[in-house]
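No experiment lies behind these values; they were computed from the predicted model shown.
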Amino acid sequence: METLPTDLPDFMAFDPIFTEDYVSKIRQASVSARAVPTDEILVDQLGGKTQNVKTFLQDCYEDYQTIAYYAGRAFKGNRSVQNEFGKNDIRKARSSQPRMIVFMDMLIKTTAKYSAELLQAGCPQELMDGLAAKADTLRNANSGQEGFKKGRGVSTQQRIELMNELYEVLK
């Protein structure tokens, strides 16, 4: 690409299709094609988003475990109330982002319902108050990850179109 401007007179003599603006057309098509991230980069970016979701999923689980500890103290022997806190649902929720989001929404409501008993059992108010923020963080990270997955096909199509444009100029 760097020698083309110097060799352009030879190309123009060979075939009149080569003109002064040919170099800028090639440059522009090349710059446009290289501006779209490769699939390898998209996969790496998706990996980062996935890692964030896993981290936030674990944060939610850890907060649940602490709440469950205090719920166990506050409602010792009362399996029904402990199940309201999700004791019978956490295994499935822990392995699924969408389920954990729903789980956290229910945990927030249950924690609010039994806040007096939890406080009396020693549960920190900050922990209960922080559940909504943790749930929102997980929800937003999950939405971002899913949106990125959906957009990957669009980016791939765009890259193919731009590479085809470059190919058309070069052929």
> Is Phe56 close to Lys134 at the side-chain level, that is, under 4.5 Å between some pair of heavy atoms?
Replying inline: no
>> Let me check something: do Val102 and Tyr64 share a hydrophobic cluster, defined by ILVMFWY side-chain heavy atoms less than 4.5 Å apart, either directly or through other members?
In response: no
>> Given 3.5 Å as the limit, does a donor-acceptor pair link the side chain of Asn142 with the main chain of Leu138, or not?
In response: no
>> With heavy-atom distances below 4.5 Å as the criterion, would you say the side chains of Thr111 and Ile108 are in contact?
In response: no
>> Could you report the tightest heavy-atom contact between Ile67 and Cys123, atom names first, then the distance?
In response: CD1-SG, 3.8 Å
>> Rounded at 0.5 Å granularity, tell me how far CD in Gln58 sits from CG in Asp63.
In response: 10.5 Å
>> Using the rule given for side chain to side chain contact (heavy atoms under 4.5 Å, CB included), can you reason through Lys54 versus Gln97, listing the C-alpha separation, both sets of side-chain angles and the distance that settles it, and then say yes or no?
In response: CA-CA 8 Å; Lys54 287 181 178 181; Gln97 297 154 207; 5.6 Å; no
>> Any heavy-atom pair between the side chains of Met104 and Leu107 that's under 4.5 Å?
In response: yes
>> Determine whether a donor-acceptor pair (N or O, by modelled atom type, separation under 3.5 Å) exists between the side chain of Ser155 and the backbone of Gly151.
In response: no
> If you measure only the distance, is there a donor-acceptor pair under 3.5 Å linking the side chains of Glu84 and Ser80?
Replying inline: no
> Going by heavy atoms in the side chains, are Lys109 and Lys113 under 4.5 Å from each other?
Replying inline: no
> Do you see a donor-acceptor pair shorter than 3.5 Å between the side chains of Gln65 and Tyr61?
Replying inline: yes
> Checking side chain to side chain contact (heavy atoms under 4.5 Å, CB included) for the pair Ile41/Gln45: CA distance, chi angles, key distance, verdict?
Replying inline: CA-CA 6 Å; Ile41 291 172; Gln45 290 173 346; 3.6 Å; yes
>> Please determine whether salt bridge (charged side-chain N to carboxylate O under 4.0 Å, His left out) holds for the pair Arg139 and Asp105, giving the CA-CA distance in whole Å, both sets of side-chain angles, and the decisive distance to 0.1 Å.
In response: CA-CA 10 Å; Arg139 184 179 293 105; Asp105 289 340; 2.7 Å; yes
>> For Gln145 and Thr50, which I'm curious about, is there any donor-acceptor pair between the side chains at under 3.5 Å?
In response: yes
> With no hydrogens and no angle check, is any side-chain donor or acceptor of Asn83 less than 3.5 Å from a backbone partner on Gly86?
Replying inline: no
> In terms of hydrophobic clusters joined by side-chain contacts under 4.5 Å, are Tyr167 and Ile160 together?
Replying inline: no
>> Taking Leu42 as the starting point, is it possible to reach Leu46 by hopping between hydrophobic residues whose side chains are less than 4.5 Å apart?
In response: yes
> Should Asn164 and Glu168 count as side-chain neighbours, where that means a heavy-atom distance under 4.5 Å?
Replying inline: no
> How far does CD of Gln158 sit from OG of Ser32, to the nearest 0.5 angstrom?
Replying inline: 9.5 Å
>> Working note: Ile90 + Met100, criterion side chain to side chain contact (heavy atoms under 4.5 Å, CB included); need CA distance, chi angles, decisive distance, verdict.
In response: CA-CA 8 Å; Ile90 189 61; Met100 182 58 91; 4.0 Å; yes
>> Tell me whether the rings of Tyr114 and Phe85 are parallel (<30°), tilted (30 to 60°) or perpendicular (>60°).
In response: tilted
> Looking only at atom types and distance, does a side-chain atom of Ser96 sit under 3.5 Å from a main-chain N or O of Ala93, one as donor and one as acceptor?
Replying inline: no
> Would a distance-only check, ignoring hydrogens and angles, find a side-chain to backbone donor-acceptor pair under 3.5 Å from Arg159 to Val36?
Replying inline: no
>> side chain to side chain contact (heavy atoms under 4.5 Å, CB included), that's the test. Do Gln125 and Met128 meet it? Break it down for me.
In response: CA-CA 5 Å; Gln125 182 70 50; Met128 293 186 283; 3.9 Å; yes
